[in-house]
Each structure stands twice: as C-alpha cells, then as structure tokens.
*Asks:* 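Structure below; questions to follow.
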Number of protein chains: 2
Amino acid sequence: MAERKRQVVREELGGAALRLLATNGFECTTIDQIVAAAGVSRRTFFRYFKSKEDVIIVFLGDLGKFVLEALAARPAGEPPGAAIRAALSLIVDGFSEDPAKSVALTNLMLGTPALRARYLDRQAELQAGLAVELARRSGADPTTDPRSDLTAAVALKAFDVTLARWAAGGGTEDFGTILDESFALLPTRLDR
Amino acid sequence: MAERKRQVVREELGGAALRLLATNGFECTTIDQIVAAAGVSRRTFFRYFKSKEDVIIVFLGDLGKFVLEALAARPAGEPPGAAIRAALSLIVDGFSEDPAKSVALTNLMLGTPALRARYLDRQAELQAGLAVELARRSGADPTTDPRSDLTAAVALKAFDVTLARWAAGGGTEDFGTILDESFALLPTRLDR
DNA sequence: CCCTGCTTGACACTTAGTGCCATCGGAGGC
DNA sequence: GCCTCCGATGGCACTAAGTGTCAAGCAGGG
C-alpha cells in the first residue's frame, strides 16, 4: 500500500526528469525544475535517487541483472557468443517496445559526458558479471584466466557499436538485425 | 617566461592533489585542502583544472594522443593486433619509470567510481581514434564497417585486463609481459 | 615612466548533495 | 472512536563543487 504509493512518486519523478532532461539537456536541467514538475520537494528527490545522473542510470543496473539471469538460463552446451547474444535479446525487445523513447534516452546518454561515463562504468560491471558466468560455464578459473573476461568485453563492445549505430539512425533499423551483423563481423567467432 | 611559471604552478598543484588524493581518497579530499597544500587560491585551481576529477584524468588525454601517434608510425604491413600492442609500449615504459606512483594512481582511478567512469570514457575516446587509424591502414570505411572499431575495443580490453591484474599484484610483475600474455589469450588473433 | 597584457586573489552566486527535525497521514491496537 | 506508532514528506541549514566578475599585482616594451 505504502509501497504502491512510493512507486507512483518514483515514476512521476522519473517521468518528469526524463522529459526535462531530454528537452533541455542534462547540464541545463536543474533538480529544482524536476521537482517542480513532479510536485514534490527537493529533499524527496534525493530520497528516490542518489544523484541527478542516477535518474537516468539506475535502470541500467536492473537491466544488467536481467541479462545475467538470462545468460545463466541458456543451455550449457551453447557457445559463449551465441549465449550472450541470446541473453541480450531481452534488451533488444525492451527497445522495440518504445523505440522513440529508447532512442531519446540513448542519445541523451551517449551525448552527455557525465552520463556516458556512468554508462560505461555500469557496462564494465555487467562485463565482469558476464565473465564470471562464462567462466562458470566453461569451468575456467576467472581469477587467473582472462579469456572469459575478454569474451564478455568483445560481446558487449559489439552491443555498444550496435547501439551507437542504431541510435544514430534514429531507431529506424531493426536492432536485433544490426546486433547479429555486429556479432558476425567480430574479429573472432566467440565459439569456445 | 610566463609559460614557465605557469608550468611550475601546474605541477605544484598536480603534485599536491595527487599526494592528498592518494592518501585520503577522492571523495574525502576537498579542493580547499589541495589549494592550501599548494599555496594558491581556490579560484586558481579551477584555472588549471576543469574539475577535481580533471587533476587525475587530464594526462590520460595526452597519453592517448601519444598512443595514436605511435600507432600511425607503425609499418603499414603490420597486423592490427601487433601494431596496437607496439603502440602501447609507450604506456608500458611510462609505468616502469615510477612503478609505485603508477600503481597508486591506477588503484585510485580504478577504485573510485567517479574516476573509473571518466577513465572508461577517455578510453572509449582513444578506442574511436584507434579505430579510424586501423580503418585507414586497412582501407576500410569506418562509418559502415565496425570491424576496426571492434578490433580496437578488443585490444584495449586486453590492456584493461592487464592493468587491473598488474595493479592488483602491486606492480611487481612486468607489465609488458602480462600485456603480451593477455594479447595471446585474446579470443581472436587480431591478425587482419 | 607609463601602458599593456597576463596571472592572481577575493567575493558573490548557483547548484548538487546531506543531516536533522518537525509534521502529517495512514494502519493497527485498545 | 481514539490513541499510538511508523514511514513519507517538507523545510532548513550546511558543505562542497564550479563559475562570473572585478580589482590588484607584476612583468615587459615603447
């Protein structure tokens, strides 16, 4: 009940922030503007988000967790590249639900230094998670063998390249298709 | 003459900042402390550095430029992986000049979220630069062909893994050797 | 000697982010 | 129906990062 209410405020705040940030840019939008639009106090904002960046970045953390779960659920015999590609489908589907919003968010994130930096940091975290999962699947020791780490890095970079290209094209191309292309063009086949 | 003086102040400021940041941590060190140690005013600090993060991050930009120049100077026929590895020797040498300081700096950077994020952003910039240079060497069109981008990403990730491992080991191992190992363990050979 | 250009310090101001406390409103016990 | 407890909120004060502005100091050059 209280939980429900909290969720409402969170969405109101997130929605107002997203709208303003996408319109005015990250640096030019102040938290006072956001809370005014959402109808709560400044102090309340910081009870829902750790920082201004956090409004945009938080959901990436959940997304990463879902991808990790998806990877863990892939069949054991599947090659690493295919497994990661499949796990990423989750994000691909998310994007196609509301392409316009996804493109706006992506451009905001990739176009704002502070946000881009945070995005990369989150991605590095995900990469580490993927690496331990890949190591578990292959039976390698991730502390001494960097191969799974490198494989995860390569796969995520393919995703990165795809994301940039997709957003640059305004989201008109099919994300899944470009992603497959990127994986195919990888300077390795990621099949072990 | 004025230029000389400016350089002195810059080094004084950078040195004081580095010492304090390494000792007290990034968040716990205030700019007031830094300028007090360096003997200049708060305002002057911001005439030399854009932000607190900048003190640590600026030199990465120069480093990146040097690496790009080094890559451009490699013989045309050399495979991409070998060329990048060779270009990175520059950084390897820089590290071995003062290992203790390098390790401290690395740990500070990788251990502080804000700095790590900026580091990754700089690295992404370098990656883009490497990609256009690789494309130029291979005659590919970087706007449509993501292969050079992916190759650069893979190589830098090998560097990343190496850096983390080297810093974790306290800088006792030989950086160049671990870097070679990482490149050898890459899930691809980067030879085209 | 004075003029010019550059660097610096001081002050004021905006904004992000945090700690603290008073208040309000709903859920449940009597 | 009333009281109580608890979580959410708002307001206030405070620290710290940055930025704009201006006046003073300090070179070198005519």
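FYI, side chains are in, hydrogens and waters are out, and symmetry mates aren't considered; it's all heavy atoms of this structure. First the proteins, then the strands, lettered A, B, ... as listed; each starts at 1.
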*Asks:* May I ask you to test the B/S102-B/E97 pair for a side-chain heavy-atom distance under 4.5 Å?
*Replies:* no

*Asks:* Would B/E133 and B/R136 pass as an ion pair if we require N to O under 4.0 Å?
*Replies:* yes

*Asks:* Are B/L163 and B/L63 connected into the same hydrophobic cluster when the rule is that any two of I, L, V, M, F, W, Y join if their side-chain heavy atoms are below 4.5 Å apart?
*Replies:* yes

*Asks:* Between atom NZ in B/K5 and atom P in D/dG25, what is the gap in whole Å?
*Replies:* 14 Å

*Asks:* For residues 39-57 of chain B, which residues have at least one heavy atom under 4.0 Å from DNA chain C?
*Replies:* B/V40, B/S41, B/R43, B/T44, B/R47, B/Y48

*Asks:* Rounded to whole Å, please give me the gap between CD in A/E3 and C1' in D/dA8.
*Replies:* 12 Å

*Asks:* For the pair made of CD1 in A/I31 and P in D/dG18, what is the distance, rounded to whole Å?
*Replies:* 15 Å

*Asks:* Run through B/Y119, B/F183, B/F175 and flag the one making a ring-ring contact (aromatic ring centres under 6.0 Å, His included) with B/F159.
*Replies:* B/F175

*Asks:* Got more than 12 heavy atoms from elsewhere within 6.0 Å of CZ, B/F66?
*Replies:* no

*Asks:* Check step by step if side chain to side chain donor-acceptor pair (under 3.5 Å) holds for A/S89 and A/R85.
*Replies:* CA-CA 7 Å; A/S89 294; A/R85 166 64 185 88; 3.2 Å; yes

*Asks:* State whether the side chain of A/R137 and the backbone N or O of A/P80 hold a donor-acceptor pair below 3.5 Å, judged by distance alone.
*Replies:* no

*Asks:* Judged by atom type as modelled, is there a donor-acceptor pair below 3.5 Å linking the side chain of B/K52 to the main-chain atoms of B/T29?
*Replies:* yes

*Asks:* Tell me which residues in residues 8-28 of chain A put a heavy atom below 4.0 Å from DNA chain C, sorted by number, or none.
*Replies:* none

